[in-house]
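I have placed the structure first, in the form of structure tokens, so that the comments after it can refer back to it.
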Amino acid sequence: MERNNANPQDLPMAVEANQEGLQSNEDLHLVLVLRLPSFNLPLNDILRPHFHLLDPADSPEPACSFLSNHAQSVRALICVGYAPVTAETLNLLPSLELIVASSAGVDHIDIQECRRRGIIMTNASTAFAEDAADYAVALLIDVWRRISAADRFLHAGLWPVKGDYPLASKLRGKRVGVVGLGSIGFEVSKRLEAFGCSIAYNSRMEKPSVPFPYYANVLDLAAHSDALVLCCSLTEQTRHIINKDVMTALGKKGVIINVGRGGLIDEKELVQFLSRGDIGGAGLDVFENEPDVPRELFELDNVVLSPHRAVATPESFEAVFQLIFTNLKAFFSNKPLQSVYQIE
Ligand SMILES: O=CC(=O)O
């Protein structure tokens with residue numbers, strides 16, 4: 001999947017030219033890049049003047065032997081997109097200290113093995129937060145106001161035939177439960193407050209600095225919400241956090257928006273609940289088995305579907321490249337990292 005078609009020279013990167021007096025490739029810090037070959041970002045071109053990049057995808061050698069032969073002393077790894085970083089891969093990298101992920105979600109990385117090894121991880125949710133939040137709110141407005149469904153009604157020429165389109169639902173006054181109040185969830189709550197919604201949240205821990213009511217479990221949050229917006233990471237603890245009981249608690253008018261990961265929802269149950277009208281609607285940017293989307297969802301007018309695009313704008317990719325650069329530079333200069341992913 002091509003994530004960005006921007007040319008490196010078009011990127012208004014604030015990455016200054018080699019200010020540290022690095023003269024040759026040998027002077028540059030060694031960084032391993034792991035990416036699926038189809039992931040073709042201009043990131044390597046941007047980083048190459050500053051770091052000595054090892055990219056197995058550019059080599060004819062099989063990845064395993066490339067890592068064994070060339071990556072024994074690598075201390076920093078950039079994981080581009082959703083390239084899996086398994087315990088087996090990590091075993092081939094005995095000197096690894098840092099993984100810089102270019103994504104917000106890190107469920108493709110064996111984070112427990114990282115914790116065991118004391119490997120620090122950074123992710124990109126701060127760089128993606130605004131775009132992901134805009135998209136989540138857009139999906140919610142779309143479901144409540146039935147914009148995509150009304151669009152289909154007009155495209156099908158049904159207005160003159162069927163008359164006025166049914167009324168939809170107002171945002172102001174609705175209770176929205178945000179699941180995961182990290183950088184993305186926080187941006188969602190700021191936006192929805194401005195629309196006159198009341199916000200409550202569930203997160204790994206209560207956040208004392210946040211004025212919204214906290215629910216320690218999602219079931220209680222669902223029982224007190226008109227919509228749930230899922231913004232949390234997919235981990236062993238959050239897999240299928242939205243299950244049958246939570247959907248029942250949310251109720252027949254309840255709406256679910258997911259910009260996190262498909263695995264946060266028991267998708268088979270969701271399809272059943274939506275098909276029976278046991279919840280009110282859904283806006284889904286992510287799915288359990290992407291790019292496969294349950295076909296039943298295509299038939300439902302109260303469901304808005306999107307192909308995992310919530311975070312993706314050229315501007316957010318620029319911010320991610322900047323973040324990756326800043327974190328790598330800080331790491332090699334023994335300075336504090338700009339963003340650290342807290343492994344539980
Ligand atoms: O889903 C997108 C991401 O995790 O960056």
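These values consider heavy atoms only, across backbone and side chains, with no hydrogens, waters or symmetry-generated copies. In this text, all values refer to a predicted model and were calculated from it rather than measured experimentally.
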Distance-only criterion, 3.5 Å: show the donor-acceptor pairs between side-chain atoms of residues 255-266 and protein atoms not counting sequence neighbours.
residue	atom	partner	partner atom	Å
N258	OD1	G260	N	2.9
N258	ND2	R261	O	3.0
R261	NE	D107	OD1	2.9
D266	OD1	K268	N	3.4
D266	OD1	E269	N	3.4

| query | Between S68 and C64, is there a donor-acceptor pair closer than 3.5 Å when you use the side chain of the first and the backbone of the second? | reply | yes

| Centres of the Y135 and H308 rings: under 6.0 Å? | no

| request: Please answer: with hydrophobic residues joined when any side-chain heavy atoms are less than 4.5 Å apart, are F273 and V143 in the same cluster? | output: no

| About how many Å separate CD1 of I111 and CD1 of I119, when rounded to the nearest 0.5 Å? | 12.5 Å

| query | With the threshold set at 4.0 Å, does a side-chain nitrogen-carboxylate oxygen contact exist between D55 and R35? | reply | yes

| request: Quick one: sort the H29 and F332 rings into parallel, tilted or perpendicular, breaks at 30° and 60°. | output: parallel

| query | Thinking salt bridges, do E193 and K190 make one under a 4.0 Å N-O criterion? | reply | no

| said: With a 3.5 Å distance limit and no angle check, can you tell me whether Y201 reaches the backbone of K207 through a side-chain donor-acceptor pair? | reply: yes

| remark: CD (E187) and CG (D134) are apart, to the nearest 0.5 Å, by 8.5 Å

| request: Verify, without hydrogens or angle tests, whether H108 (side chain) and G81 (backbone) share a donor-acceptor contact under 3.5 angstrom. | output: yes

| field | Residue pairs fulfilling ring-ring contact (aromatic ring centres under 6.0 Å, His included) with at least one residue in residues 223-267, sequence neighbours excluded | value | Y215-H224

| message | Looking at S203 and E206, would you say the former's side chain and the latter's main chain have a donor-acceptor pair under 3.5 Å? | response | no

| In terms of the angle between their ring planes, are F325 and F51 parallel, tilted or perpendicular, with boundaries placed at 30° and 60°? | perpendicular

| query | In terms of hydrophobic clustering (I, L, V, M, F, W, Y; side-chain heavy atoms under 4.5 Å; direct or indirect links), are V33 and F331 co-clustered? | reply | yes

| message | By the definition side chain to side chain contact (heavy atoms under 4.5 Å, CB included), identify the one residue from S189, C231, C232 that meets it with L181. | response | S189

| message | Tell me whether V311 shares a hydrophobic cluster with V80, the cluster being built from Ile, Leu, Val, Met, Phe, Trp, Tyr side chains joined at under 4.5 Å. | response | yes

| request: Measure the CG-OG1 distance between L323 and T122 for me, rounded to the nearest 0.5 Å. | output: 6.0 Å

| request: Please confirm whether the backbone N or O of Q338 pairs with a side-chain atom of N327, one donor and one acceptor, at under 3.5 Å? | output: yes

| message | Using side-chain heavy atoms (C-beta onward) and a distance below 4.5 Å, is S73 in contact with L30? | response | yes

| task | For the pair N289 (side chain) and D292 (backbone), establish whether a donor and an acceptor sit closer than 3.5 Å, ignoring hydrogens and angles. | result | no

| query | Does atom OH of Y214 have more than 12 heavy-atom neighbours, drawn from other residues, nucleotides or ligands, at distances under 6.0 Å? | reply | yes

| In this structure, are over 12 heavy atoms from other groups packed under 6.0 Å from R295 atom CZ? | no

| said: Please tell me whether F66 and L77 are part of a single hydrophobic cluster in this structure, the criterion being side-chain heavy atoms less than 4.5 Å apart. | reply: yes

| query | Sequence neighbours excluded, which residues qualify as side-chain hydrogen bond (donor to acceptor under 3.5 Å, both in side chains) partners of R175? | reply | D226

| query | Hey, does L328 have a side-chain heavy atom less than 4.5 Å from the side chain of L98? | reply | yes

| field | Evaluation steps, side chain to side chain contact (heavy atoms under 4.5 Å, CB included), between L192 and L140 | value | CA-CA 10 Å; L192 287 172; L140 184 59; 3.9 Å; yes

| message | Whether the side chain of T326 engages the backbone of Q322 through a donor-acceptor N/O pair (distance < 3.5 Å, no angle test) should be reported. | response | yes

| said: Less than 4.5 Å apart, side chain to side chain, heavy atoms only: is that true for I46 and F321? | reply: yes

| message | I'd like to know if the side chain of T235 reaches the main chain of Q237, judged simply by a donor and an acceptor atom lying under 3.5 Å from each other, with no hydrogens or angles considered. | response | yes

| query | Counting only N and O atoms by type, is there a donor-acceptor contact under 3.5 Å from the side chain of D278 to the main-chain atoms of K252? | reply | no

| query | Would one find more than 12 heavy atoms of other residues, nucleotides or ligands at under 6.0 Å from atom NZ of K174? | reply | yes

| task | Spell out, yes or no, whether L167 and V304 are grouped together once hydrophobic residues are joined by side-chain heavy atoms under 4.5 Å, including indirect joins. | result | no

| field | Main-chain N/O of A138 paired to D142 side chain as donor or acceptor, under 3.5 Å | value | no

| Within 6.0 angstrom of R191 CZ, more than 12 heavy atoms from elsewhere | yes

| Does CG belonging to L154 count more than 12 external heavy atoms closer than 6.0 Å? | yes

